[in-house]
Amino acid sequence: MKTLSDIDLNGKKALIRVDFNVPLDDDFNVTDDTRIEAAKPTIDKILKDGGSVILMSHLGRPKGKEDKYSLKHIVKKTSEILGVEVKFVDDSIGDKVTQAAADLKPGEVLLLENLRFYKEEEAGDEGFAEKLSELGDVYVNDAFGTAHRAHASTTIIANYFPEDKVFGTLLAKEIESLDKVLKNSEKPVTAVLGGSKVSSKITVIENILDKVDHLIIGGGMTFTFVKAQGGKIGDSICEDDKQELALEILKLAKEKNVQIHLPVDVIAADGFKNDANTKVVDVNEIPDGWQGLDAGPKSLENFKKVILGSKTILWNGPLGVFEMENFAKGTIALGNFIAEATDNGAFSLVGGGDSVAAVKQFGLEPKMSYVSTGGGAMLEMLEGKTLPGIAAIQGK
Ligand code: AMP
């Protein structure tokens, strides 16, 4: 994996694709600067090594040029975080931009306007990518959140830097963390898959059955498996057309010697709301009018044993409807088991959408070995796909 340490950056202009797609409030203040902070190590390293930096990003989903999606709104915050006065140019290609890039001196940072003001960006247009490429000497991709997209600035541009293209620190860390789980993992390896639907996780399940010793299945997915095996699930969420698939997964897991752990009991509610009446019931005997919204105490005891016996843990998807306080307990407990295992020396990776939101919400983020920054990109990597943004740097 070619990274910043493998190239000479002294006096070079580094063109970096970052993910500065940050949330803004009505007054255009950045309300969560995690993504800017996440790119800091890459930018710092280039500046320290005597280079200058040209930052490229998208923001939101603009339809053409829309002021509310201008990256000018984040200049102040980015300057604060980097400790450097960031220059801004209100376009991403053209004479003005060429001049601003040419004027850039070592130690300086230039931010280009939102790439998605040009439809050529998402279309992966070669001409647009070539124009962007002319601005820098070196191309660095540090945007994991868009690495699964073959856009001009994430993928196509790399063709114009046959030698001088590298992974930024953040993207390298994402790839390394996933490799630690899927390729060079220390056994036993456990994956926890939760969330709402089997259908959205099926490719992930199929891919990871070859890599794990234990698979904990939780969340809404549980009930398709339970019903398929003859259990009574009451009004719980279920994909009836995926029951056969669920049985196939169970069979495949057996063949591959993967132990599957499903909840044995659940917190059942008499409505999909936080203040519904609740009771703990056997997962196979949920009465009509009741639905399972969280893992029950016996299930959590079982999961705890598996997690604490694991050396590598991957977590994707909540164990219950964690957005409602009364059904968040299973997800919080699981997070705490993973935190304890991590403290005992296991490697833990949390990735893909809602579980990342959950660990952040419950203050568990610092207790995990790594929390991924890219939802869709992480899911595609777990599915075993080669991401175009990563392949482009590797020259494949
Ligand atoms: P996903 O995006 O597939 O990871 O699913 C995450 C969503 O699954 C969250 O919004 C949870 O509220 C939801 N979820 C988890 N457990 C259940 C359940 N038992 N019943 C319904 N929804 C659930």
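Numbering of ligands and ligand atoms starts at 1, following listing order. Residue indices begin at 1 and follow the sequence shown.
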Undergrad: Measure the distance from atom 20 (N) of ligand 1 to every protein heavy atom, then report the residue, atom name and distance (to 0.1 Å) of the closest one.
TA: Ile237 CG2, 3.6 Å
Undergrad: At a 4.0 Å cut-off, with the gap strictly under it, does some heavy atom of Lys201 reach an atom of ligand 1?
TA: yes
Undergrad: Does Gly292 reach ligand 1 with a nitrogen or oxygen that is under 3.5 Å from one of the ligand's nitrogen or oxygen atoms?
TA: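 Among all N and O atoms of Gly292, at least one is under 3.5 Å from an N or O of ligand 1.
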Undergrad: Any idea which protein heavy atom is nearest atom 5 (O) of ligand 1, and the distance to it?
TA: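 Closest protein heavy atom to atom 5 (O) of ligand 1: Ser196 N, 3.0 Å.
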Undergrad: Got a second to check how far Lys96's NZ is from Glu113's CD, nearest 0.5 Å?
TA: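 Going from the NZ atom of Lys96 to the CD atom of Glu113 covers 9.5 Å.
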Undergrad: Backbone or side chain, does any N or O of Lys197 fall under 3.5 Å from an N or O of ligand 1?
TA: no
Undergrad: For atom 9 (C) of ligand 1, what's the nearest protein heavy-atom neighbour? Residue, atom name and distance, please.
TA: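 Nearest neighbour among protein heavy atoms for atom 9 (C) of ligand 1, to 0.1 Å: Glu323 OE2, 3.3 Å.
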Undergrad: Would you mind listing which atoms of ligand 1 come within a distance below 4.0 Å of any non-hydrogen atom of Phe223?
TA: 19 (N)
Undergrad: Between Asn159 and Tyr139, do the side chains contain an N or O donor and an N or O acceptor separated by less than 3.5 Å?
TA: no
Undergrad: Which residue owns the protein heavy atom closest to atom 17 (C) of ligand 1, what's the atom, and how far is it?
TA: Gly220 N, 3.4 Å
Undergrad: Any heavy atom of Phe327 closer to ligand 1 than 4.0 angstrom?
TA: no
Undergrad: Taking the six-membered ring for Trp, are Phe28 and His73 parallel (under 30°), tilted (30 to 60°) or perpendicular (over 60°)?
TA: parallel
Undergrad: Using the side chain to side chain donor-acceptor pair (under 3.5 Å) criterion, which residues pair with Gln243? Sequence neighbours excluded.
TA: Asp240
Undergrad: I need the single residue from Thr78, Asp33, Val30 that forms a side-chain contact (heavy atoms from CB on, under 4.5 Å) with Phe20. Which is it?
TA: Thr78
Undergrad: Which protein non-hydrogen atom lies closest to atom 15 (C) of ligand 1, naming both residue and atom, and how far is it?
TA: Gly320 O, 3.2 Å
Undergrad: Hey, is ligand 1 close enough to Pro318 that some N/O pair sits below 3.5 Å?
TA: no
Undergrad: If we only count N/O pairs under 3.5 Å, is Asp294 in contact with ligand 1?
TA: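 Min N/O separation from ligand 1 is not below 3.5 Å for Asp294.
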Undergrad: Which residue pairs pass the ring-ring contact (aromatic ring centres under 6.0 Å, His included) test with at least one member in residues 40-70, sequence neighbours excluded?
TA: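 Every pair satisfying ring-ring contact (aromatic ring centres under 6.0 Å, His included) with a residue in residues 40-70: there are none.
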Undergrad: Got a second to check how far Ile16's CD1 is from Leu171's CG, nearest 0.5 Å?
TA: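 It comes to 12.0 Å.
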Undergrad: Nearest heavy atom to atom 21 (C) of ligand 1: which of Thr222, Val321, Asp354 does it belong to?
TA: Val321
Undergrad: Distance from Ile208 atom CD1 to Thr203 atom OG1, nearest 0.5 Å?
TA: 11.0 Å
Undergrad: Do we see a donor-acceptor contact under 3.5 Å between the side chains of Glu134 and Tyr160?
TA: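 The criterion, which ignores hydrogens and geometry beyond distance, is not satisfied for Tyr160 and Glu134.
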